Each structure stands twice: as structure tokens, then as C-alpha cells.
Amino acid sequence: MDRPRLSSRFPDFPWDTLADAKQRAHAHPDGIVDLSIGTPVDPTPSVAREALAAASDAPGYPTVAAPEAVRQAAVDWLERRLGVTGLTTDQVLLTVGSKELIANLPSQLALGPADTVVLPSLAYPTYEVGARFAGARVVLGDPVADGLTDVPALVYVNSPANPHGEVLSAEHLRAVVRWCRERGALLVSDECYADFGWEREPVSVLHPDVCEGSHDGLLAVHSTSKRSNLAGYRAGFVAGDAAVVAELLAVRKHLGFMLPTPVQQAFAAAIADDEHVVLQRRRYAERRDALRRALESAGFTITHSEGSLYLWATRGEGCRDTVAWLAERGILVAPGDFYGERGAQHVRVAFTATDERVAAAVARLTES
């Protein structure tokens with residue numbers, strides 16, 4: 001019996017469309033400078049690696065909930081770093097990285113064809129993938145700025161944003177919180193770049209100035225991949241509305257979504273340590289400044305880019321033409337149309353490559 005394929009709900013995997021540009025970039029005599037994906041390249045901090053090793057004798061099954069001490073580390077970090085108060089460990093759930101949670105969230109909350117999910121018009125593709133996975137309807141836009149009239153079940157915001165690095169103000173986030181509460185929508189704030197605000201300080205949706213003293217109807221999604229170079233560990237968490245977290249826990253226990261015990265302990269150690277993040281911010285700041293100057297000298301305009309690990313750059317032409325122009329110089333970037341129609345004339349330039357590769361890109365751009 002023929003059945004519809006689940007994969008038919010999804011768009012083409014965007015990175016597959018970069019194969020030709022990647023091949024051209026690889027042909028450069030000095031090799032490719034890959035600034036497309038934004039994967040961390042710097043060492044995983046010793047505090048996480050030592051905790052992983054110390055917990056490596058783990059013959060028993062881990063729990064989906066994770067030990068209270070591990071969840072307390074997340075609560076403490078949210079208060080210490082982002083000023084979130086009044087949160088308890090029952091409001092925190094570890095996730096297998098932030099992408100997994102976003103991809104599965106609509107389905108695990110039992111959303112379906114009768115439900116609407118609102119996404120930013122420039123957005124990380126997994127928001128749409130997760131909505132399609134559940135069969136939900138997708139609407140693009142900012143609920144407040146775009147005056148949306150839909151009554152959604154779920155609304156995503158992302159600040160600092162991928163791809164363009166916009167950082168939303170506390171005032172705007174507070175307005176979105178009110179808009180969602182008036183309609184009974186769950187607001188999910190993807191804050192995985194919270195440690196990387198360059199021109200504006202990121203604010204959590206759970207901050208008391210934003211949530212107005214209540215976490216009801218709100219979730220914040222966080223990751224250690226970016227702040228701690230733990231992308232290979234797949235360690236993130238979601239925090240907020242106690243009832244929603246409890247429902248996710250109940251579902252995920254049946255489905256087996258759990259972090260290995262050693263990874264849980266590495267997560268707790270990394271999230272409790274801020275010293276290594278200071279060093280990582282310094283690395284990224286230097287690479288960001290060097291690439292920004294080089295891109296501008298080559299005729300690019302940088303827009304937004306107040307936060308995150310990317311520069312949102314344009315030459316005033318179609319993004320695929322810009323990708324090709326850079327590929328001829330051995331530099332691979334992500335075309336803006338990966339992230340929505342509004343990105344059609346931009347490219348996303350990650351500054352997560354090594355110092356040596358960033359220097360190579362700078363040299364090629366300034367010679368152009």
C-alpha cells in the first residue's frame with residue numbers, strides 16, 4: 001500500500017543547493033574558507049570535558065528529566081546571566097540540542113492541521129520544518145510589528161536572530177507577550193545566541209520586565225553549542241511555563257528523548273562556568289570586526305547584525321549571485337533565501353571559522 005511520505009511535507013534541504021558553490025570554493029589555490037554553517041571550531045572548554053570524563057562510568061539509563069542539580073545549574077545561569085527570577089527546577093527540561101526541541105515541539109504539544117504557527121519572516125528553517133512535521137499551518141511575520149490578525153497556537157521569536165542578528169528590545173518582547181496572552185498562544189523565544197550581543201544587549205522573554213512577573217504561556221530555548229563549543233554534545237534546555245514543561249516531560253519520557261548521563265554533567269559544568277565564555281566572546285569579536293571591515297571594503301553593506309554569530313551582508317543583488325562571487329574567491333556563505341523571501345538580496349556570513357581561515361577570507365576580500 002502506497003502511503004504519502006513524511007519527507008514530502010518538508011522543503012528541499014537547503015544546504016544541498018550549495019553543492020556547486022562549495023565545489024568552486026574548494027578549487028581556490030589556498031583552499032575553501034567555509035563561513036556558511038556557523039559550526040563552532042574552537043576547543044571545547046576543559047571544564048566540560050573533565051565533567052564528561054568524570055561521569056563516563058554510566059552503566060544505567062539516564063532520566064529524561066535529568067537530576068535536579070543539573071536543572072538547578074540552568075536556573076542559576078538564567079538568573080546570573082539574563083536576570084530571570086522566580087524560576088524553579090520543575091520549569092526546566094534538558095533537550096538534545098535546541099534544534100531537536102524546535103523540530104519536535106509542535107508535534108509534542110499535539111498541534112495539527114487545525115492549528116497555526118507564527119514564524120519570523122526571516123527565520124531559521126527548522127521552525128517551519130517543525131510546524132510542517134505536525135501538519136500545522138504556517139504564518140510569517142512579527143505579531144506586533146506586522147499587525148497579524150491570526151489566532152495562533154504557537155508563536156516563535158528569535159533574539160538574537162538567525163540569520164540576520166537582530167536583537168529585540170524588552171519593550172517589543174513585552175508587547176509580543178501581551179499579544180500572545182490575549183489570544184491564548186504559546187510564545188516560544190529561541191535565545192540560543194543570548195551570550196552574543198554585540199551592539200545591543202539581548203533580553204530573555206522570561207525576564208521580569210518582559211514577562212511581567214509570570215512565566216505562564218512562555219518558553220525560552222537555550223543551547224550550550226554556541227557559548228561553550230558543545231555542538232557535538234547536543235546539550236540544550238527549555239524553560240518557562242511549568243504546565244507546558246510538565247507536558248513535554250510526560251511526552252518525552254514515552255519517546256525516550258534524553259541526554260546521556262555524561263553529557264548532562266558536562267552541560268551542568270559548562271553552564272555554571274562563565275570564564276570560558278569571556279574568552280570565546282573575545283575570539284568572536286575579533287573575527288567579527290575583521291570580517292566586517294573586509295566585507296565593507298569589498299562593497300558590501302552590513303544590516304542588523306547586532307547579535308548572534310553572523311554578519312547579514314548585501315551587495316544589492318540576488319543572493320545566489322553574491323554566493324557565486326564569493327565562491328570564486330574561495331569563500332562559502334549561506335544565501336539569504338534559505339531563511340525566507342526577505343533574504344533574497346543578502347548572504348549570511350558566519351564568523352565561527354578559525355583565525356587562520358578568517359584571515360584568509362579577509363585577504364581575499366581586500367584584494368578584490
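Every value quoted in this text rests on a predicted model; they were computed, and no experiment measured them.
- Side chain of Gln264 to main chain of Leu259: a donor-acceptor pair is present (N/O by atom type, distance under 3.5 Å, no hydrogens or angles).
- Between Asp195 and Arg281 no salt bridge is recorded (no basic side-chain N to carboxylate O distance below 4.0 Å).
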Please tabulate, for side-chain N and O atoms in residues 119-127, each donor-acceptor pair with protein atoms closer than 3.5 Å (sequence neighbours left out).
from, atom 1, to, atom 2, distance (Å)
Ser121, OG, Arg342, NH1, 2.7
Tyr127, OH, Asp190, OD2, 2.7

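- Within 6.0 Å of CD on Glu212 lie more than 12 heavy atoms contributed by other residues, nucleotides or ligands.
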| query | Step by step, would you call Arg320 with Thr17 a side chain to side chain donor-acceptor pair (under 3.5 Å)? | reply | CA-CA 10 Å; Arg320 297 287 173 160; Thr17 69; 3.1 Å; yes
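- With Gln280 contributing its side chain and His276 its backbone, the two residues share no donor-acceptor pair below 3.5 Å.
- There is a side-chain donor-acceptor pair under 3.5 Å between Ser36 and Asp34.
- Salt-bridge check for Asp150 with Arg137: passed, with a basic side-chain N closer than 4.0 Å to an acidic carboxylate O.
- Ring centers of Tyr310 and Tyr193: under 6.0 Å apart, within the cut-off.
- Residues Arg282 and Glu286 are not paired through a salt bridge, judged by the lack of any N-O separation under 4.0 Å between the basic side chain and the carboxylate.
- In this structure, Arg283 contributes its side chain and Asp42 its backbone to no donor-acceptor pair below 3.5 Å.
- Using a 4.5 Å cut-off on side-chain heavy atoms (C-beta onward), Thr354 and Val358 make no contact.
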| message | If you apply the rule ring pair (Phe, Tyr, Trp, His ring centres under 6.0 Å), what do you find for Phe267 with Tyr233, and how did you get there? | response | CA-CA 9 Å; Phe267 163 86; Tyr233 287 43; over 10 Å; no
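- When atom types are taken as modelled, the side chain of Asp321 and the backbone of Trp325 share no donor-acceptor pair closer than 3.5 angstrom.
- Cluster note: Val277 groups with no other residue, as no ILVMFWY side-chain heavy atom lies under 4.5 Å from it.
- Of the possible polar contacts, one joining the Arg234 side chain to the Ala231 backbone as a donor-acceptor pair under 3.5 Å is found.
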Listing, residues 43-66 side-chain donor-acceptor contacts under 3.5 Å, not counting sequence neighbours, or none:
from, atom 1, to, atom 2, distance (Å)
Thr44, OG1, Asn229, O, 3.0
Ser56, OG, Ala53, O, 2.7
Thr63, OG1, Ala66, N, 2.9

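- Sequence neighbours left out, the pairs with a member in residues 258-280 that pass salt bridge (Lys or Arg N to Asp or Glu O under 4.0 Å) are Arg80-Asp274, Arg227-Asp274.
- Side-chain N or O atoms of Ser305 include one that pairs as donor or acceptor with a backbone N or O of Thr303 at under 3.5 Å.
- Atom CG of Asn162 and atom CG of Leu309 lie 9.0 Å apart (nearest 0.5 Å).
- Hydrophobic cluster membership of Val167, counting Ile, Leu, Val, Met, Phe, Trp and Tyr whose side-chain heavy atoms lie under 4.5 Å apart directly or via other members: none, as it forms a cluster of its own.
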Show every donor-acceptor pair shorter than 3.5 Å between a side-chain atom in residues 235-246 and any protein atom, with sequence neighbours excluded, or say none if there are none.
from, atom 1, to, atom 2, distance (Å)
Asp241, OD1, Ala243, N, 2.9
Asp241, OD1, Val244, N, 3.2
Asp241, OD2, Gly217, N, 2.6

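- The backbone N or O of Pro163 sits nowhere less than 3.5 Å from a side-chain atom of Trp312 that would complete a donor-acceptor pair.
- Through chains of ILVMFWY side-chain contacts below 4.5 Å, Leu255 is grouped with Val251, Phe257.
- Evaluation of the ring pair (Phe, Tyr, Trp, His ring centres under 6.0 Å) rule for His304 yields His164 as partners, not counting sequence neighbours.
- Remark: Arg174 does not engage Asp209 in a salt bridge, criterion side-chain N to carboxylate O under 4.0 Å.
- Remark: the Arg252 side chain and the Asn104 side chain contain no N/O donor-acceptor pair separated by less than 3.5 Å.
- Considering only residues two or more places apart in sequence or on other chains, Val129 meets the side-chain contact (heavy atoms from CB on, under 4.5 Å) condition with Phe10, Pro11.
- For Glu182 and Arg178, the salt-bridge test fails: no basic side-chain N is under 4.0 Å from an acidic carboxylate O.
- Under the salt bridge (charged side-chain N to carboxylate O under 4.0 Å, His left out) criterion, Arg288 pairs with Glu199, sequence neighbours left out.
- The side-chain tip of Arg183 points at the ring of Trp179 from less than 6.0 angstrom away and within 45° of straight on.
- Pro40 is not listed as a side-chain neighbour of Thr352, based on a closest heavy-atom distance of 4.5 Å or more.
- Within the 4.5 Å cutoff, no side-chain heavy atoms of Pro152 are placed close to those of Val139.
- With hydrophobic clusters built from ILVMFWY side chains whose heavy atoms lie under 4.5 angstrom apart, Leu109 shares a cluster with Val221.
- The residue from Ser204, Ser223, Ser98, Ser159 that alone fulfils the side-chain hydrogen bond (donor to acceptor under 3.5 Å, both in side chains) condition with Glu191 is Ser204.
- Glu201 pairs by the salt bridge (charged side-chain N to carboxylate O under 4.0 Å, His left out) definition with Arg81, not counting sequence neighbours.
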Could you tabulate the donor-acceptor pairs under 3.5 Å formed by side-chain atoms of residues 19-30, not counting sequence neighbours?
from, atom 1, to, atom 2, distance (Å)
His28, ND1, Asp30, N, 3.0
Asp30, OD2, Arg357, NH2, 3.2
Asp30, OD2, Arg364, NH2, 3.2

